[in-house]
There are 2 protein chains.
Amino acid sequence: MLTGNLFADPPRDLAHEQITELLSAPHVTIERIVSNGQASPPGFWYDQPRPEWVMLLAGAARLRFEGEATARLLKSGDYVHIPAHVRHRVEWTDDTQATIWLAVHYS
Amino acid sequence: MLTGNLFADPPRDLAHEQITELLSAPHVTIERIVSNGQASPPGFWYDQPRPEWVMLLAGAARLRFEGEATARLLKSGDYVHIPAHVRHRVEWTDDTQATIWLAVHYS
């Protein structure tokens, strides 16, 4: 039985986001992502072949969708369903605490 | 874009657990489950045809697996992967606060 805790030992002062795969199955992948102030590079947009259901467990982030005037502020417990190929970027994550995401990619 | 907050408006004093489907796709279902002190009936075991990845977002619970001597205490952030047909039951959930689960069933 695979077990763990999503809040355990979030890394600090990382140069990059830390992505930990929690489940990998043919049609679904679950990841924990820890951000410490990172954002998407200027002009970069995610354009993913699979839909993603993502929630913020801790911290704060601003998620921008192409075509929307402003970024959405996400706080603990907020979730968003991102259909395949809906372009989006992380405009900001809080650099005063670890921002922990739970991402479910599926097909 | 489907959005919401997992901690929003947890019901209190329910006679039963409240299950809210957050995502339904051919190979994956995501649910929020809110317990207010409920447990599985005596002698009842879940025996599910699909594997389940489940985490506790808030509250506390004891999850018992068949063949294990004691129940596992789950607190906020704890997750467990339950393979298909691994029999298990909820022995206890905290009745002083809402216990909020995030369950991902997949095939």
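Within every chain, numbering begins at 1; the chains are lettered A, B, ... in the order of the sequence lines, protein sequences first and strands thereafter.
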Do the side chains of [X] and [Y] join up, straight or via other hydrophobic residues, at under 4.5 Å, putting them in one cluster?
{"X": "I19(A)", "Y": "V54(A)", "result": "yes"}
{"X": "M55(A)", "Y": "L6(A)", "result": "yes"}
{"X": "I33(B)", "Y": "L57(B)", "result": "no"}

If you count heavy-atom pairs within less than 4.5 Å of chain B, which of V86(A), I82(A), L56(A), I30(A) leads?
I30(A)
Report which part of V28(A) has an atom under 4.5 Å of a heavy atom belonging to chain B: side chain, backbone, both, or neither.
side chain
So for [X], is it side chain, backbone, both, or neither that comes closer than 4.5 Å to the heavy atoms of chain A?
{"X": "L102(B)", "value": "side chain"}
{"X": "V104(B)", "value": "side chain"}
{"X": "L2(B)", "value": "both"}

I'd like a table of the N/O donor-acceptor pairs between chain A and chain B - cut-off under 3.5 Å, distance only.
residue: L2(A); atom: O; partner: H81(B); partner atom: N; Å: 2.9
residue: G4(A); atom: N; partner: Y79(B); partner atom: O; Å: 3.2
residue: G4(A); atom: O; partner: Y79(B); partner atom: N; Å: 2.8
residue: N5(A); atom: ND2; partner: S76(B); partner atom: O; Å: 3.0
residue: N5(A); atom: ND2; partner: D78(B); partner atom: OD1; Å: 2.7
residue: L6(A); atom: N; partner: G77(B); partner atom: O; Å: 2.7
residue: S76(A); atom: O; partner: N5(B); partner atom: ND2; Å: 3.0
residue: G77(A); atom: O; partner: L6(B); partner atom: N; Å: 2.7
residue: D78(A); atom: OD1; partner: N5(B); partner atom: ND2; Å: 2.7
residue: Y79(A); atom: N; partner: G4(B); partner atom: O; Å: 2.8
residue: Y79(A); atom: O; partner: G4(B); partner atom: N; Å: 3.2
residue: H81(A); atom: N; partner: L2(B); partner atom: O; Å: 2.9

A58(B): what forms a side-chain contact (heavy atoms from CB on, under 4.5 Å) with it, not counting sequence neighbours?
F7(B), I100(B)
